Amino acid sequence: MAPATKKAPAAKAEKVETKAAKAEPKAESDTTMPAAKSEPKAEKSEPKVKKADAKAAEEDDALDSDVDENDLSTNIVTKYQAATGIANGALKKVLDTIADGVKLTDICALGDCTIEELAEKVYNNKKDKISKDDNGIAFPTCVSPNTAICHMSPLASDPEGAIVHKTGDVVRIELGAHIDGYISPGASKENPIKGCQADVIQAAYLATEAAIRLLKPGNTNTQVTETIQKIAEKSECSPVEGMLSHQVSRNVLNGKKQIILNPSENQKKDVDESTCEEGEVYSLDILVSSGEERPRTSETRTTVDKRQSEVTYNLKMKTSREVLSM
């Protein structure tokens, strides 16, 4: 699957929190096969198919035929919902595990294992025409504490592998699941807090809710960016500069259409204005800081890597091919 494997740099900013939201798809199409010659009718008559079953069968066949890239058939929506259920289940288990003294590496491993376990329980019949390799992790579990913005998922051998959760830490949890390439990412911040930490979480929450309501046909990404900026400033906070939300489609986490936060003049030139269309899905990544809004690259090495689904990789080593197929 194309979405993501292990893992990307953790940038830094002052007291950052976020919340993710849902949105968007695109169904890929295969070339239709030419009509085959009709075979003589068998003497045994086939049982009649119920209308509901016939409709479901037609929608299954639609995935293998030419469909609109923004089509949201019942079948596709069901897969998004199943992926969301898996992501939420894994997120709950991770939240229940977080406690004083628990290593971040253990939390991340638990999240990944839970996604894989839950994914094995859905769409696992032959009639579903979905391989078990087409369900699972869309984005590896990351736990970013305090000033780490995102993508903190250290290996046990890394210096960051020794980091443990402490009472009072504010963490951002990221993870994602997919069914047949249809992705549901998620993020969370938990436990009651007050003061400055409460301000940034409230600002991120309100900004996310407003952004969700603006994702309607005819509205632009610029409208979303400006609204998030206004909400954050009212809480005396700032959106983290240059952070992006993306359109999502089958097997693609970072689609062409983007929503940028608090862009500099140069960054504005890099993100084209786009208009929301019916049937699109978006993953909102709203990050708000109580301090310096410009992120700084940390010295933590990259552990989250993204595979580009449109690129063909000709790998000679068996180990390389196995890693790519994960």
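Only heavy atoms go into these numbers, but all of them, side chains included; no hydrogens, no water, no symmetry mates. Computed from a predicted model, the values in this text were never measured in an experiment. Numbers for residues simply follow the sequence, beginning at 1.
- Applying the side chain to side chain contact (heavy atoms under 4.5 Å, CB included) criterion to Asn314, with sequence neighbours excluded, gives Thr312.
- Put simply, Ile137 and Leu91 are part of the same group of oily side chains (I, L, V, M, F, W, Y) that touch within less than 4.5 Å, one to the next.
- The pair Glu233-Lys230 does not count as a salt bridge, with every side-chain nitrogen at least 4.0 angstrom from each carboxylate oxygen.
- Taking hydrophobic clusters as Ile, Leu, Val, Met, Phe, Trp and Tyr residues chained together by side-chain heavy-atom distances below 4.5 Å, Leu244 does not share a cluster with Leu253.
- No side-chain heavy atom of Tyr182 sits under 4.5 Å from any side-chain heavy atom of Asn75.
- In this structure, CD on Gln247 lies 10.0 Å from CD on Gln258, to the nearest 0.5 angstrom.
- Cluster annotation: Tyr313 and Met317 are assigned to distinct hydrophobic clusters (Ile/Leu/Val/Met/Phe/Trp/Tyr, side-chain heavy-atom contacts under 4.5 Å, transitive).
- Counting heavy atoms from C-beta on, the side chains of Ser298 and Met152 never come closer than 4.5 Å.
- By the criterion of side-chain heavy atoms lying less than 4.5 angstrom apart, applied directly or through intervening Ile, Leu, Val, Met, Phe, Trp or Tyr residues, Val248 is not grouped with Ile260; the two fall into different hydrophobic clusters.
- Across every non-hydrogen atom of Gly161 and Pro154, the tightest pair is N-CB, 3.9 Å.
- By the 4.0 Å N-to-carboxylate-O rule, Glu209 lies close enough to Arg213 to be salt-bridged with it.
- Residue pairs that meet the salt bridge (Lys or Arg N to Asp or Glu O under 4.0 Å) test with at least one member in residues 88-101, sequence neighbours left out, are Lys92-Asp96.
- Distance check: Asp169 CG to Thr167 OG1 gives 8.0 Å after rounding to the nearest 0.5 Å.
- Between atom CG of residue Asn88 and atom CD of residue Gln81 there is a gap of 11.5 Å, rounded to the nearest 0.5 Å.
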Where do Leu215 and Ile259 land on the side-chain contact (heavy atoms from CB on, under 4.5 Å) test, with the steps shown first?
CA-CA 11 Å; Leu215 290 176; Ile259 301 169; 4.0 Å; yes
